Amino acid sequence: MNKHTKIAIIIAPILAILGFAATDMYSEYKASDKRVFVMQVQDSCDIKAQKCILQSNEFLLSFTDNKGETVINTTYPLDTATLFLVDANDNVTSYPLGMNSSPYYWKAQTNLGSLIAQPGTVQKIRIIANIKGGSYISEFDSITQ
């Protein structure tokens, strides 16, 4: 074996490890890029009846409201979430959601329950859920049956 072959055998594993580390760092960097995904309502949305699920590919987000506490549940852990209630004059009230029991459950004290109490009520809602640089957004109506 000549000198160049010996050096190549010694250096090849080092270059492979460095290449693997560089690829991992690059993929982590790309994962933190800002991206926006739009969620759509599955079927129809009635938060009072606890039938409101938003979807974007495999990401699901569901809404419930119980005694003034609005709770969202997601299929992936969130970093932050903000709920916006929009009135008839397009005035927006924002509610930053706090983590409930895990990053999959978020809640806030809101007046959503009183706004959707009557049958036939339509309430416009906006949501922004953030996961590692990705923002999942939606604007939809909850229609009380």
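We use all heavy atoms of the structure for the numbers below, so side chains are in, but hydrogens, waters and symmetry mates are not. All of these numbers come straight from a predicted model, not from anything done at the bench.
- Inter-residue side-chain proximity for I131 and F59 is flagged as met; some heavy-atom pair is nearer than 4.5 Å.
- Side-chain N or O atoms of Q55 include one that pairs as donor or acceptor with a backbone N or O of N57 at under 3.5 Å.
- Residues T80 and T82 form no side-chain contact, since every pair of their non-hydrogen atoms from C-beta on lies 4.5 Å or further apart.
- A side chain to side chain contact (heavy atoms under 4.5 Å, CB included) with Q123 holds for exactly one of I47, D141, L85; it is L85.
- Atom CG of L83 sits about 5.5 Å away from atom CZ of F63, to the nearest 0.5 Å.
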Report the C-alpha distance between Y76 and E58 in whole Å, list the side-chain angles of each, state the deciding distance to 0.1 Å, and finish with yes or no for side chain to side chain donor-acceptor pair (under 3.5 Å).
CA-CA 9 Å; Y76 297 113; E58 295 178 8; 3.2 Å; yes

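- Between W106 and the options I72, N100, N73, a side chain to side chain contact (heavy atoms under 4.5 Å, CB included) holds for only I72.
- Within the 3.5 Å criterion, the main-chain N or O of G113 finds a donor-acceptor partner in the side chain of D65.
- Nearest heavy atoms, L60 versus Q42: CD2-NE2, 3.6 Å.
- Q145 and P119 get closest at one heavy-atom pair: O-CB, 3.8 Å.
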Worked verdict on S114 versus N111 for side chain to side chain donor-acceptor pair (under 3.5 Å)
CA-CA 6 Å; S114 62; N111 62 342; 4.8 Å; no

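- With rounding to the nearest 0.5 angstrom, the CZ atom of R126 is 11.5 Å from the OG atom of S94.
- In this structure, the separation between CD1 on I127 and CD1 on I125 is 9.0 Å, given to the nearest 0.5 Å.
- Between D87 and N89, the closest heavy-atom pair is OD1-N, 3.0 Å.
- Atom CD1 in I137 sits 11.5 Å away from atom CG in L54 (nearest 0.5 Å).
- Taking every heavy atom of both residues into account, S138 and M39 meet most closely at OG-O, 3.1 Å.
- Scanning both residues, Q40 and V38, for their nearest heavy atoms gives NE2-CG1, 3.3 Å.
- Judged by distance alone, the side chain of D46 and the main-chain N or O of K51 form no donor-acceptor pair under 3.5 Å.
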Please step through side-chain contact (heavy atoms from CB on, under 4.5 Å) for the pair K107 and L97, ending with a clear verdict.
CA-CA 5 Å; K107 68 177 181 175; L97 299 168; 5.6 Å; no

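- The CD atom of Q109 lies 10.5 Å from the OH atom of Y95; values are rounded to the nearest 0.5 Å.
- Hydrophobic clustering of Ile, Leu, Val, Met, Phe, Trp and Tyr side chains at less than 4.5 Å, counting indirect connections, unites F37 with V41.
- When atom types are taken as modelled, the side chain of T64 and the backbone of Q50 share no donor-acceptor pair closer than 3.5 angstrom.
- In this structure, the side chain of N2 engages the main chain of T5 through a donor-acceptor pair within 3.5 Å.
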Walk me through whether N66 and E69 qualify under side-chain contact (heavy atoms from CB on, under 4.5 Å).
CA-CA 5 Å; N66 188 13; E69 184 175 79; 5.6 Å; no

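- In this structure, CD1 in I143 is found 7.0 Å from OG in S44, a value given to the nearest 0.5 Å.
- Heavy-atom minimum distance, C52 versus F140: SG-CE1, 3.7 Å.
- The cluster map of Ile, Leu, Val, Met, Phe, Trp and Tyr, joined by side-chain heavy atoms under 4.5 Å apart, puts L15 and F20 in different clusters.
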